[in-house]
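See structure below.
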Amino acid sequence: MGLMRIVVLTGGIGGAKFLVGVRAHARQIGAEVTAVVNVGDDVRMHGLQICPDLDSVMYTLGGAHDPERGWGRVGETWVVKDELAAYGVEPSWFGLGDKDTATHLVRTQMLTAGYPLSAVTAALCERWQPGIRMLPATDDRLETHVVVDVDGERKAIHFQEWWVRHRGDLPTHRFVFVGADAAKPAPGVLDAIAAADVVLLAPSNPVVSIAPILAVSALRDALAATEVPVVGVSPIIGSAPVRGMADRCLTTLGVEVSAGAVAELYGARDDDGLLTGWLVDETDAATEVPGVPTRAVPLWMSSEEATARMVADALDLAFAADGERP
Ligand SMILES: O=c1nc2n(C[C@H](O)[C@H](O)[C@H](O)CO)c3cc(O)ccc3cc-2c(=O)[nH]1
């Protein structure tokens with residue numbers, strides 16, 4: 001019996017919370033975890049490169065996140081934000097905390113010096129010791145933009161402007177992953193997938209957290225080609241997202257807000273999709289996905305223990321068919 005290697009595709013705050021459970025279960029069974037993290041939310045503001053999903057994972061696993069707000073640092077102060085506002089500098093709708101800003105300063109300085117984002121992330125993690133390996137999906141520019149109508153004009157705005165400034169509350173037509181066509185997986189990502197015993201899709205937003213990762217074609221191809229189980233955890237319980245904006249995003253795509261519809265979006269491996277298993281909440285026990293075995297368990301990430309149990313259930317489902325666990 002070797003050391004089990006788990007790869008998790010993740011983004012957003014739900015994804016960070018899920019990883020806390022993955023890490024806990026991995027410690028119990030002696031597994032090694034690599035998180036492949038969405039970078040589509042990344043944005044440059046006030047000259048600083050901000051990576052919300054990488055930071056959510058890093059701060060959450062480092063025990064330094066604000067559990068109330070969901071994003072950013074606990075015990076944050078806002079002097080820089082207030083000072084920027086006093087200068088009348090835009091964007092005033094995006095909050096950069098003082099502690100958080102230090103992270104962006106270090107990151108931007110390293111990027112400017114020529115280090116790739118993956119190396120910068122590893123350097124930042126030396127401080128936070130997340131206990132798992134964190135890889136950005138790509139070191140290349142990949143940004144999620146949203147095609148909307150604003151003041152009678154159709155245009156594409158950055159995901160952060162759509163979500164934070166407008167709360168997603170604009171006529172929304174589609175999501176575009178700028179740069180995805182040319183983006184290559186970050187160093188380590190393809191190797192991690194090739195060495196994985198199982199791949200988990202976190203209960204993150206399928207449209208703006210997981211889809212931008214899968215938009216890196218070599219990464220998606222590697223997942224489609226793998227012979228190990230790929231199990232997703234539903235971000236939808238009943239007809240609502242566990243948190244965040246997945247409902248708005250799915251509606252934009254014309255996809256029903258349900259656990260089954262999200263699974264069909266990822267698709268069954270036997271039908272050119274990704275999934276070999278799909279974990280849903282007990283309330284969605286009736287979910288049927290063509291070609292994908294499902295299992296219903298409590299999916300509320302109410303504690304580290306509850307989340308670790310979900311992860312154990314996901315692994316049980318992953319290895320249910322052949323019964324061979326590494
Ligand atoms: O709702 C907000 N979310 C903010 N977020 C969260 C972020 O917009 C989203 O929750 C994630 O991109 C979704 O994954 C930030 C995240 C950061 O890493 C840094 C700064 C911010 C600032 C805001 C903000 O002002 N308002």
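In listed order, ligands and their atoms are each counted from 1.
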Quick one: ligand 1 N/O to protein N/O pairs below 3.5 Å?
residue	atom	partner	partner atom	Å
ligand 1	1 (O)	Arg167	NH2	2.6
ligand 1	3 (N)	Trp71	NE1	3.2
ligand 1	8 (O)	Gln160	OE1	2.6
ligand 1	12 (O)	Asp41	OD2	2.6
ligand 1	12 (O)	Gln160	NE2	3.0
ligand 1	14 (O)	Asp41	OD2	2.9
ligand 1	14 (O)	Asp53	OD1	2.8
ligand 1	25 (O)	Gly95	N	2.7

Practice task
Any pair with a residue in residues 225-242 that passes side chain to side chain donor-acceptor pair (under 3.5 Å), sequence neighbours left out, goes on the list, sorted by first then second residue, please.
Solution key: none
Problem - Check ion pair Lys99-Glu76 (N to O, under 4.0 angstrom) - result: no
Practice task
Using the six-membered ring of Phe94, assess whether NZ or CZ of Arg165 lies under 6.0 Å from its centre and within 45 degrees of the ring axis.
Solution key: no
Between [X] and [Y], do the side chains contain an N or O donor and an N or O acceptor separated by less than 3.5 Å?
X      : Y      : answer
Tyr59  : Asp100 : yes
Asp149 : His173 : yes
Arg107 : Gln49  : no

